[in-house]
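Chain identifiers are assigned alphabetically (A, B, ...) following the order of the sequence lines, protein sequences preceding nucleic acid strands; residue numbering begins at 1 within each chain.
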Amino acid sequence: MKVRFEKLNRLRELGINPYPYEYEQTHKSKEIKENFEQLEKQAVSVAGRMMTVRLMGKAAFCDIQDEQGRIQIYLRKNEIGEQDFEIFKMLDIGDLIGIKGEVFKTRTGEISVFAREFKLLAKSLRPLPIVKEKEEDGKRIVYDQFADKEMRYRQRYVDLIVNPEVKEVFVKRTQIIRAIRSFLDERGFLEVETPILQPIYGGATARPFVTYHNALDRKLYLRIANELYLKRLIVGGFERVYEFAKDFRNEGMDRFHNPEFTLLELYVAYKDYKWMMDFVEQLFAHVAYQVLGTTKIHFNGNEIDLTPPWQRLTMYEAIEKFTGVDISNMDEKQLRETADKLKVEVTPEMGAGKIIDEIFGELVEPKLIQPTFIYDYPIEMSPLAKKHREKPGLVERFEPIIAGKEVANAFSELNDPIDQKERFLEQLKLRERGDEEAQMMDEDYIRALEYGMPPTAGLGIGIDRMVMLLTDQPSIRDVILFPQMRPENK
RNA sequence: GAGCCAGUAGCUCAGUCGGUAGAGCAGCGGCCUUUUAAGCCGUUGGUCCGGAGUUCGAGUCUCCGCUGGCUCACCA
């Protein structure tokens, strides 16, 4: 870095502004490569970050990288002049430069720009990790890859400069969200915004972040979900609403959890969870097709076929299928014995629903690689879902499982205000027993339901996990540009 | 929170049995007007994560700690 500061000063002494104000960029690297026939011998001006330099005495090659990729630049002393050539020799990898010149192909066949003039656009003072690469048999071999995960996440800007495949993941993330949005918009959904700062948090079981509003002199919570607000909108007469919500949960972090994450929630009036299953299949297939051009995706070494229809199993059927035990008529005691027999650890505080959930999570879920809807959940775990129309003790809820992980959660929404109030009271009891994650009573939400909410189907999709799935990334940190990190201590 | 692994030059990494700290790339100085992991010659660069201990001697062995990664637990 010291050397680079000195160079910066020398450049200034030569009357060069190392940080000029603008540059006219007529073409991007990829456009030039894709339209070589039309552009050959045409004047272009390109700009980007210098990623490699090969000095050849009185000539030089360098590759510059712009948003779309890289292109080689060829410079000759007698073309750009002695002084500029000396200046060029002072540049470093990482500097941003602009080139005016003509498109041509080198002796070895690489499409390049023959420089007539160049301009320094921004001096880089900090050396980039040097990554070298070479093509061999069409495969890209990378040397000295910038692979330190901590540095990659902390200095994402460097990661993006140096690892092009990282950039691709985030481009796809945006395309995925765009594909979802257009799918919903075409089907008559209204995109809405609901509060992030909430006086009462609800809609999920999780611990919140707490903050404080001075003027109101009260605690506010960063939302853990937006469910209850969206359903108020259904009460208000909107029949199809959705929101891409940044939600916040004050919990541990791992491969699947970041404290802030993106959850898509949507609600559809006059529909139930069966309708929603069809909808989810269609949505996933549509998005995969839009973004990847296929509904057969690869994730973690498995080929996963998202083509509808997906397998559908009730939770009881799924457990029976993978354990051979029919638990559909068991009471809590029998369930406990079954769990012991299956070597699933359960604690005394767990109720029947929780035990079933444990057995499922332990023995069934990881085995569901191909998309599968699991439906009809025990009531205890689902205080906002409507009671099953036929099966007592269950609710009309489903989760699609893909690659051993749930990617969404949906139910026929509970719209009976009296039942809802009782469920909240149940949750309050759990709270009093010390369950910090049990939900709070939301009187206003009950009031809204008392005005009458149409039968409604609701869905939540973990967007980060969906992006992981569609881009074959193993960690949520690989699909969030700036994942939460411990403070950097030096 | 537990287990496993790692931390050595700007980057990627080697370092044997405990015996003077290494390579490639990058950097710096030279040569080179179609190269492409450019090449050739020369050269700079180190708190070996920190601390303590064992030892004549520790990058290497022991203990404690720090940081990170992975797995598990917790958690949607």
Side-chain angles (χ1 to χ4, degrees), chain A residues 1-4 6-7 51-63 70-80 85 89-94 104-115 124-136 140-155 158 162-163 203-207 224-225 227 247-259 261 263 345 347 354 357-358 361-362 365 377 381-382 399 401 405-409 435-437 460-462 464-465 474-477 485-490:
Chain A
M1 269 182 81
K2 205 198 289 172
V3 182
R4 293 198 179 198
E6 284 164 11
K7 282 181 179 173
M51 299 303 289
T52 66
V53 198
R54 294 175 291 283
L55 282 172
M56 313 272 306
K58 296 188 182 66
F61 291 91
C62 68
D63 292 334
R70 292 186 183 187
I71 188 153
Q72 179 171 266
I73 309 295
Y74 177 56
L75 298 98
R76 273 190 197 178
K77 191 172 183 172
N78 59 357
E79 287 299 335
I80 63 168
F85 197 73
K89 284 203 280 187
M90 283 167 67
L91 298 183
D92 295 293
I93 286 172
F104 81 116
K105 214 179 240 183
T106 62
R107 197 179 286 167
T108 50
E110 178 155 351
I111 295 166
S112 308
V113 175
F114 191 108
S124 163
L125 296 176
R126 208 176 264 276
L128 284 173
I130 302 297
V131 178
K132 296 237 168 188
E133 48 187 77
K134 142 174 130 170
E135 295 262 341
E136 203 163 86
R140 216 170 99 246
I141 305 171
V142 181
Y143 299 84
D144 300 339
Q145 184 156 30
F146 178 59
D148 183 309
K149 287 194 178 175
E150 191 197 354
M151 286 216 280
R152 284 187 44 219
Y153 299 141
R154 281 195 198 283
Q155 302 189 39
V158 175
V162 152
N163 294 323
T205 47
R207 268 181 290 175
I224 58 173
E227 170 153 358
D247 289 341
F248 307 85
R249 298 188 184 175
N250 206 341
E251 291 163 351
M253 296 152 57
D254 63 26
R255 205 149 71 81
F256 294 101
H257 302 266
N258 194 61
F261 62 102
L263 188 64
E345 273 184 53
T347 61
K354 184 72 186 159
D357 194 56
E358 280 301 309
E362 197 72 25
E365 196 178 43
Y377 280 65
M381 318 279 309
S382 317
E399 290 188 350
I401 315 288
K405 203 76 196 168
E406 83 281 357
V407 294
N409 182 19
D435 184 348
E436 277 186 77
E437 292 180 344
I461 298 178
D464 309 286
R465 290 187 190 173
S475 167
I476 198 166
R477 291 178 162 191
M485 302 287 286
R486 284 214 174 79
E488 210 170 348
N489 48 355
K490 276 206 129 191

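- Using atom P as the reference point in both B:G10 and B:U44, the two lie 16 Å apart (nearest Å).
- Within 4.0 Å of A:Arg255, counting heavy atoms only, lie sugar-phosphate atoms of the nucleic acid but no base atom.
- No hydrogens or angles were tested; on distance alone, nothing pairs the side chain of A:Asp148 with the base of B:C11 as donor and acceptor under 3.5 Å.
- Between the side chain of A:Glu110 and the base of B:U35 there is no donor-acceptor pair of N/O atoms closer than 3.5 Å.
- Nucleotide B:G50 is matched to B:C64 when pairs are restricted to Watson-Crick or G-U wobble geometry with both distances under 3.5 angstrom.
- Comparing the P positions of B:U47 and B:C5 gives a spacing of 27 Å, expressed to the nearest Å.
- With sequence neighbours excluded, the residues forming a side-chain contact (heavy atoms from CB on, under 4.5 Å) with A:Arg126 are A:Met1, listed by chain and number.
- Counting atom types as modelled, A:Arg54 pairs a side-chain N or O with a base atom of B:U35 as donor and acceptor under 3.5 Å.
- No donor-acceptor pair under 3.5 Å is formed between the side chain of A:Arg207 and the backbone N or O of A:Glu251.
- In this entry B:C4 has B:G69 as its Watson-Crick or G-U wobble partner, both defining distances falling under 3.5 Å.
- With a 3.5 Å ceiling on both atom-pair distances, B:A37 lacks any Watson-Crick or G-U wobble partner.
- Atom C1' of B:A2 sits at a distance of 36 Å from the matching atom of B:A9, rounded to the whole Å.
- Cation-pi contact between A:Lys405 and A:Phe256: present, with separation from the ring centre below 6.0 Å and deviation from the ring axis of at most 45°.
- Remark: B:U43 base-pairs with B:G27. Criterion, Watson-Crick or G-U wobble with two distances under 3.5 Å.
- You'll find a donor-acceptor pair under 3.5 Å spanning the side chain of A:Thr106 and the base of B:U35, going by distance alone.
- As a whole-Å value, the separation of A:Lys58 NZ from B:U34 C1' is 16 Å.
- Spacing between atom CZ of A:Phe146 and atom P of B:A26 amounts to 18 Å, rounded to whole angstrom units.
- Atom-to-atom distance recorded for A:Met56:CE and A:Tyr74:OH is 7.5 Å, nearest 0.5 angstrom.
- Although no hydrogens or angles enter the test, the distance criterion places no donor-acceptor pair under 3.5 Å between the side chain of A:Arg249 and the main chain of A:Ala206.
- Taking the P atoms as reference points, B:G39 lies 44 Å from B:C4, given to the whole Å.
- For the P atoms, the distance linking B:G42 with B:A26 amounts to 16 Å, nearest Å.
- B:G24 and B:G65 have their C1' atoms separated by 34 Å, given to the nearest Å.
- B:G29 sits 46 Å from B:U71 when the P atoms are compared, rounded to a whole Å.
- With both pairing distances under 3.5 Å, B:C74 is matched to nothing as a Watson-Crick or G-U wobble pair.
- Between the base of B:U36 and the side chain of A:Asp63 there is no donor-acceptor pair shorter than 3.5 Å.
- Within the 4.0 Å cut-off from OP1 or OP2 of B:C70, at least one side-chain nitrogen or oxygen of A:Lys149 is found.
- For the pair A:Phe61 CZ and B:U36 P, the interatomic distance rounds to 9 Å; values are reported in whole Å.
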